[in-house]
Visitor: 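This is the structure I have questions about; it appears just below.
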Protein chains: 2
Amino acid sequence: METAAEDGTKARSGDSRVVTMREVAKKAGVSIKTVSNVVNDYEYVSDATREKVTKAIDELGYIVNVSARNLRRGQTGVIALIIPDLQLPYFAQLSSLVITEAKKLGLQVIVEPTLYSRDGEIAALHDGRHAMLDGAIFSPLELGQEDVAQLEVDYPLVLIGERIFTDKVDHIATENVEGAKRATGYLVQTGCRRVAVLGVHPGEKVGSAGLRFQGYKEALEENGIDFDERLVVPAGMWHRSDGVSAMNELLDSGVKPDGVVALNDMLASGAMHAIQMHGLSVPEDISVIGFDNSDDSQYLSPALTTIAPGLEAVARLSVKVLKNRIDGVAPFDSTDPVFRKVSSTLIVRDSTRRVIGR
Amino acid sequence: METAAEDGTKARSGDSRVVTMREVAKKAGVSIKTVSNVVNDYEYVSDATREKVTKAIDELGYIVNVSARNLRRGQTGVIALIIPDLQLPYFAQLSSLVITEAKKLGLQVIVEPTLYSRDGEIAALHDGRHAMLDGAIFSPLELGQEDVAQLEVDYPLVLIGERIFTDKVDHIATENVEGAKRATGYLVQTGCRRVAVLGVHPGEKVGSAGLRFQGYKEALEENGIDFDERLVVPAGMWHRSDGVSAMNELLDSGVKPDGVVALNDMLASGAMHAIQMHGLSVPEDISVIGFDNSDDSQYLSPALTTIAPGLEAVARLSVKVLKNRIDGVAPFDSTDPVFRKVSSTLIVRDSTRRVIGR
DNA sequence: TTGTATGCGTTATCAT
DNA sequence: ATGATAACGCATACAA
């Protein structure tokens with residue numbers, strides 16, 4: 001790459017400062033193919049030759065021309081990451097991790113926010129731009145059961161996240177039911193008996209709200225605690241202000257919970273605020289647990305106990321599977337789609353009471 | 001792009017489903033050059049020819065092979081966005097906007113987080129990978145006055161953000177002094193007379209803390225209010241918990257402020273929490289104003305009045321300047337570096353009292 | 001206004 | 001183990 005031209009014409013036309021394989025070959029006294037072999041870590045190159053070539057490469061400051069390589073290979077080394085919104089902490093964190101993992105495998109990432117639109121998701125999947133991408137990682141939000149056909153694309157695609165509506169595509173899933181179950185179970189362990197849940201989407205089943213709510217119910221059942229409808233508070237959005245409203249509603253209704261499972265950290269943050277505004281304290285009067293382990297959950301007052309969904313593993317696995325599909329190599333070169341569920345972890349901080357008897 | 005091969009060998013070798021310009025040319029009964037002309041919106045193509053070609057392109061589903069074009073042009077159509085941390089809301093938002101703007105100009109963006117390391121910033125600037133990028137937008141954090149030489153790179157580079165330590169490089173700056181001045185001035189307009197400031201970095205001048213603190217002082221002076229050292233609270237980090245500590249410190253020290261300028265929204269969020277924990281109310285007892293207009297500032301309780309730094313404009317301008325530098329075209333094809341300051345806006349919400357007399 | 005021919009830098013096929 | 005050479009698909013001199 002060179003400096004922008006200063007005369008208003010095309011840059012980098014004349015000055016051929018770019019070092020090519022040919023020049024390296026000449027300097028090292030070998031053929032261009034040998035240089036290529038060294039650059040691509042071809043096995044059968046004598047140590048002596050390899051050394052000579054490496055030296056020439058260093059001295060000339062040669063770097064491969066990715067465009068030429070891509071043209072020749074029919075690949076680009078670039079993958080797309082299709083997500084609802086880069087500004088949501090959850091996805092910002094995910095993107096950050098995917099970028100890191102991809103870099104390790106020599107892949108670059110184009111982040112493509114669909115901004116909560118079904119059309120945006122479909123466009124991102126079918127856009128002609130995919131002709132220049134090697135594959136994609138897709139976190140669906142709006143696409144539903146009826147859109148399964150949209151996922152049949154002619155390039156390697158890996159699904160990530162909660163929704164499960166097909167077994168035809170590679171999928172790295174997060175642990176929603178189990179995570180919520182763990183959260184709820186932990187509150188019970190600490191002595192909570194009247195555990196409320198915040199952020200439920202009534203009627204929904206396959207989304208994160210539905211799955212997490214299911215985990216909550218399963219935990220109660222396993223612990224022999226009766227389900228109480230009055231402790232269930234819906235919230236369409238999961239922003240902090242929704243947590244405030246939901247918690248206020250609950251407290252003002254007269255039901256007195258001793259624990260709260262918020263379906264994400266923002267709701268938890270809002271809930272703690274509302275509790276404190278009611279003159280109650282967290283965790284002495286009411287324990288609060290969140291979900292996502294968002295970056296600032298540790299900076300809340302008190303620091304939030306929460307469930308970490310294992311985004312690192314999601315990023316690592318999804319990139320690896322995709323890369324294997326692109327290269328057509330093991331271990332993911334079977335025709336069977338990969339399905340993998342990443343386990344969640346409980347992060348204990350100060351918004352929950354200590355476990356009894358410790 | 002095609003599906004991953006399923007036999008463990010290289011994908012897309014044999015099946016030549018890829019449509020080339022040659023095929024389009026044949027189908028349209030014109031030369032390959034003419035197709036190229038149409039694809040690249042060359043001016044002098046007769047309408048009839050253009051129509052024929054466009055039709056053939058549609059029917060064949062042709063899309064240009066970007067690798068080939070890049071190889072030929074010596075460009076890649078990809079720029080880097082070098083930022084400290086994608087997980088910080090401010091940078092997540094910025095990235096999102098830059099990606100959007102770049103897309104409009106046909107550019108793709110590789111986001112490169114440097115993770116608060118000076119070495120990371122230097123590496124990002126000088127990495128050999130830049131050979132395959134057309135240019136970069138860089139938001140420095142750790143690099144300082146003594147590193148100016150690091151910015152002399154051989155590719156188009158646009159600086160963004162607060163720190164100003166060279167006039168040799170294109171720079172789109174944000175309005176720190178003016179923004180903080182506006183924030184402080186607004187509190188005074190609403191009747192505040194004892195305005196505290198949270199998050200100051202003592203001794204620092206060129207960073208955002210220094211500049212924003214300067215704005216605070218200038219506003220007091222212009223409004224004829226005495227500067228009171230006891231109302232200045234330092235905070236090394238700008239997380240929510242730092243806001244809590246800083247505000248607690250202030251309130252416990254006995255000084256009674258009637259307004260608080262927090263140097264960012266996180267600090268403001270923490271400050272409101274501390275105020276409310278002290279049994280005081282926002283804005284009745286104390287007004288609070290933040291800085292950054294972060295995505296969730298509107299969801300705090302009460303919704304936060306804050307300063308929006310105009311990130312949209314930063315994104316738009318920086319991408320535009322960079323694109324012009326890459327192409328070597330007007331209006332940014334002069335040899336003089338561009339310097340542009342983006343103005344900030346006051347966003348009035350509920351954490352500040354109403355302006356008197358309204 | 002359009003066509004012909006050449007080369008961008010690499011990798012892959014065949015030799016040797 | 002290494003070399004010669006033909007593509008890959010496109011953009012551009014230059015010619016017509």
Side-chain angles (χ1 to χ4, degrees), chain A residues 1-2 9-26 28-53 56-57 60-77 106 131-132 327, chain B residues 1-2 9-26 28-53 56-57 60-77 128 131-132 327:
Chain A
M1 184 147 58
E2 288 145 49
T9 64
K10 260 284 150 44
R12 94 198 53 193
S13 304
D15 38 343
S16 59
R17 189 123 22 92
V18 188
V19 184
T20 75
M21 268 196 181
R22 192 194 311 284
E23 298 172 47
V24 176
K26 200 164 115 192
V30 299
S31 89
I32 181 175
K33 174 59 164 41
T34 304
V35 178
S36 175
N37 283 341
V38 171
V39 169
N40 294 288
D41 285 323
Y42 183 62
E43 208 171 346
Y44 306 108
V45 180
S46 74
D47 286 356
T49 315
R50 188 181 297 276
E51 179 121 357
K52 265 193 307 189
V53 174
I57 287 179
L60 263 41
Y62 166 80
I63 32 182
V64 303
N65 179 319
V66 186
S67 295
R69 165 181 287 178
N70 289 341
L71 171 59
R72 186 55 237 222
R73 286 190 178 161
Q75 297 186 178
T76 61
M132 61 164 294
D327 297 342
Chain B
M1 185 149 61
E2 288 145 49
T9 65
K10 258 294 150 42
R12 95 201 51 197
S13 304
D15 40 342
S16 59
R17 188 123 23 92
V18 188
V19 184
T20 74
M21 265 194 181
R22 191 192 313 282
E23 299 172 47
V24 176
K26 202 165 112 191
V30 299
S31 88
I32 182 174
K33 171 61 161 52
T34 305
V35 178
S36 175
N37 283 341
V38 171
V39 169
N40 294 288
D41 284 323
Y42 184 62
E43 209 169 345
Y44 307 108
V45 180
S46 74
D47 286 355
T49 315
R50 187 180 298 276
E51 179 121 359
K52 265 194 306 188
V53 173
I57 287 179
L60 263 39
Y62 166 81
I63 33 183
V64 301
N65 179 320
V66 186
S67 296
R69 165 181 286 176
N70 289 341
L71 172 59
R72 184 55 233 232
R73 286 190 177 160
Q75 297 188 176
T76 61
M132 60 164 295
D327 296 342

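We name chains A, B, ... by the order of the sequence lines, and we start the count at 1 in each one. These values consider heavy atoms only, across backbone and side chains, with no hydrogens, waters or symmetry-generated copies.
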Visitor: Is Ser67(A) touching bases, backbone alone, or none of the nucleic acid, heavy atoms closer than 4.0 Å?
Guide: nothing
Visitor: Working to the nearest 0.5 angstrom, can you tell me the gap between Leu71(A) CG and Thr76(A) OG1?
Guide: 12.0 Å
Visitor: Counting only side-chain nitrogens and oxygens, does Thr34(B) get under 4.0 Å of the OP1 or OP2 atom of dG3(C)?
Guide: yes
Visitor: Which heavy atom of Gln75(A) sits nearest to which heavy atom of Asn70(A), and what is that distance?
Guide: O-CB, 2.6 Å
Visitor: Which pairs count as side-chain hydrogen bond (donor to acceptor under 3.5 Å, both in side chains) when at least one residue sits in residues 43-52 of chain B, sequence neighbours excluded?
Guide: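 Found Ser46(B)-Thr49(B).
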Visitor: Donor-acceptor pairs under 3.5 Å, side chain of residues 60-69 of chain B to any protein atom, not counting sequence neighbours: which ones?
Guide:
unit_1	atom_1	unit_2	atom_2	d
Asn65(B)	OD1	Ser67(B)	N	2.8
Asn65(B)	OD1	Ala68(B)	N	2.9
Arg69(B)	NH2	Asn40(B)	OD1	3.0

Visitor: Is there side-chain contact between Ile57(B) and Val53(B), with at least one heavy-atom pair below 4.5 Å?
Guide: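 Of all side-chain heavy-atom pairs linking Val53(B) with Ile57(B), at least one is under 4.5 Å.
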Visitor: Within this structure, what is the CD-to-C1' distance between Glu51(A) and dA1(D), rounded to whole angstrom?
Guide: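 After rounding, the gap between these two atoms is 17 Å.
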Visitor: Does Ser36(B) have a side-chain nitrogen or oxygen under 4.0 Å from the phosphate oxygens OP1 or OP2 of dT12(D)?
Guide: no
Visitor: Just how far is it from atom OG of Ser31(A) to atom CE of Met21(A), taken to the nearest 0.5 Å?
Guide: 10.0 Å
Visitor: Just the table, please: protein N/O against nucleotides 4-9 of chain D N/O, every pair under 3.5 Å.
Guide:
unit_1	atom_1	unit_2	atom_2	d
dA7(D)	N3	Arg72(A)	NH1	2.7

Visitor: Taking the minimum atom-to-atom distance to the side chain of Asn40(A), which one of dA1(D), dT11(C), dT2(D) wins?
Guide: dT11(C)
Visitor: Without decimals, in angstroms, what is the distance between Tyr42(A) OH and dT13(C) P?
Guide: 11 Å
Visitor: Return the value, rounded to whole Å, for the distance between atom CG of Asn37(A) and atom P of dG9(C).
Guide: 20 Å
Visitor: What is the distance, to the nearest angstrom, from the OH atom on Tyr44(B) to the P atom on dA11(D)?
Guide: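 Going from Tyr44(B) (OH) to dA11(D) (P), I get 19 Å.
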Visitor: At 4.0 Å (heavy atoms only), tell me whether Val39(B) reaches a base, stays on the sugar-phosphate, or touches nothing.
Guide: nothing
